[in-house]
Amino acid sequence: MTTLKTDITELLGIKYPIFQGGMAWIAESTLAGAVSNAGGLGIIAGGSAPIDYLSDQIRKCKEITDKPFGVNIMLMSPNADELAKLVVEEGVPVVTTGAGNPGKYMAAWKEAGIKVIPVVPSVGLAKRMERAGADAVIAEGTESGGHIGENTTMCLVPQVVDAVSIPVIAAGGIADGRGIAASFMLGAKGVQVGTRFLAAEECQIHPTYKKLVVDAKDTDSVVTGRSTGHPCRNVKTKFSKKLASGEMNGTITPDEFEEITLGSLRKAVQDGNLEEGSFLCGAIAGMVNEVKPAKEIVEEMFAQAEQLLNK
Ligand code: TUI
């Protein structure tokens, strides 16, 4: 039995049904190119990035790999309209979206032959995306890093699988072959992995960020931003704990929260600033203990998954 070939590997022409999450400020061409070269789908983050930076990253990725790669469009990004046009102009093969409903862009993307795969936090949005012409959906549980929905991967994935006919990719809390095997058991045809790739050699985050992830244990993630309606999962630091408790006891208002966290992701990724940075990570960070090349990460995860699934 081969467990590797799924609707997703067929749809996208990739070897392993694994996406590297399009992590804002983090997922750039070096990481995405390495994951695509390893046989997965590398994804460049298109959220918060100026348009010239993104087109440069797309060109660089094409230099690193001749394999398929994707761009993630963070729909809360002020320049989402521009990014949506850029992916068409640059002939990007796959677009994933997050933090909103990409309905208004779907017709143009489909006309350009782009495979469109939105992140959905609910069955309702998954159904809407299928009706709008999505090629697959990524059902992302609250275990994920960054901006999260409420439902867990274990509960969300099988419900989305039951509700739609297009392939479902599981995301949130997957960092080894057991997570892949479990996702397949829930009916997913692929996985999206973010936190494990934070500890890829090719991941360009500040060394302080990488060390926080590698050193994290099971209880070291915390959700901030619930008071603003945009909850985000982070590594527990003095800064993130202060934000979470301030929101909870009302000493930090939602407006103050927005002000304090403005630019905090950049401060984490580029400066490793522990006082003012938001080090986004998933709840699985406790299981990420070693920095390795992306290729080794992908191959190890699938060797373990295959062994489990063939039992
Ligand atoms: O988007 C993510 N993760 C992210 S985006 C990000 S940058 C950011 N910075 C500050 C505040 C917020 C974000 C960091 N991490 N993951 C995909 C994801 N999409 N999670 C949740 C959703 C989502 C939520 C609501 C998708 C669709 C949605 O639809 C609402 C609607 O319009 O129906």
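Count residues from 1 along the sequence. Ligands are counted one by one from 1 in listed order, and the atoms in each one are counted from 1 as well.
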Which atoms of ligand 1 have any heavy atom of [X] under 4.0 Å away?
{"X": "V119", "answer": "17 (C), 18 (C), 19 (N), 26 (C)"}
{"X": "L280", "answer": "14 (C)"}
{"X": "N101", "answer": "32 (O)"}
{"X": "G146", "answer": "14 (C), 15 (N)"}

Which residue supplies the protein heavy atom nearest to [atom], what is that atom called, and how far is it?
{"atom": "atom 29 (O) of ligand 1", "value": "L125 CD2, 3.5 Å"}
{"atom": "atom 25 (C) of ligand 1", "value": "P121 CG, 3.8 Å"}
{"atom": "atom 22 (C) of ligand 1", "value": "A99 N, 3.6 Å"}
{"atom": "atom 11 (C) of ligand 1", "value": "M76 CE, 3.8 Å"}
{"atom": "atom 8 (C) of ligand 1", "value": "M74 CE, 3.9 Å"}
{"atom": "atom 30 (C) of ligand 1", "value": "G100 CA, 4.4 Å"}

Tell me whether the count of non-hydrogen atoms from other residues, nucleotides or ligands lying under 6.0 Å of [atom1] in [X] goes above 12.
{"X": "K62", "atom1": "NZ", "answer": "yes"}
{"X": "M154", "atom1": "CE", "answer": "no"}
{"X": "E256", "atom1": "CD", "answer": "yes"}

- M129 versus P102: any side-chain heavy-atom pair under 4.5 Å? yes
- Task: Ignoring hydrogens, tell whether any protein atom lies closer than 4.0 Å to atom 1 (O) of ligand 1; use the non-hydrogen atoms only.
- Result: yes
- Ignoring hydrogens and angles, state whether a donor on the side chain of T142 or E150 is under 3.5 Å from an acceptor on the partner side chain.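 No - no donor-acceptor pair under 3.5 Å links their side chains.
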- Item | contact_flag R128 ligand 1 heavy-atom lt 4.0 Å | yes
- ligand 1 to H147 polar contact by distance, N or O atoms, under 3.5 Å: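 Right, the criterion is met.
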- Query: Should the pair F302 and Y16 be assigned to parallel (<30°), tilted (30 to 60°) or perpendicular (>60°) ring geometry?
  - Reply: parallel
- Query: For F69, which residues count as a ring-ring contact (aromatic ring centres under 6.0 Å, His included) partner, sequence neighbours excluded?
  - Reply: none
With a heavy-atom distance limit of 4.0 Å, tell me whether [X] approaches ligand 1 through its side chain, its backbone, both, or neither.
{"X": "E140", "result": "side chain"}
{"X": "T261", "result": "neither"}
{"X": "L265", "result": "neither"}

- Message: Please tell me whether L198 and I43 are part of a single hydrophobic cluster in this structure, the criterion being side-chain heavy atoms less than 4.5 Å apart.
- Response: no
- Query: Hey, is K60 close enough to E28 for a salt bridge, meaning N to O under 4.0 Å?
  - Reply: no
- Item | Side-chain donor/acceptor of E130 to backbone N/O of S165, under 3.5 Å |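 Yes: the side chain of E130 pairs with the backbone of S165.
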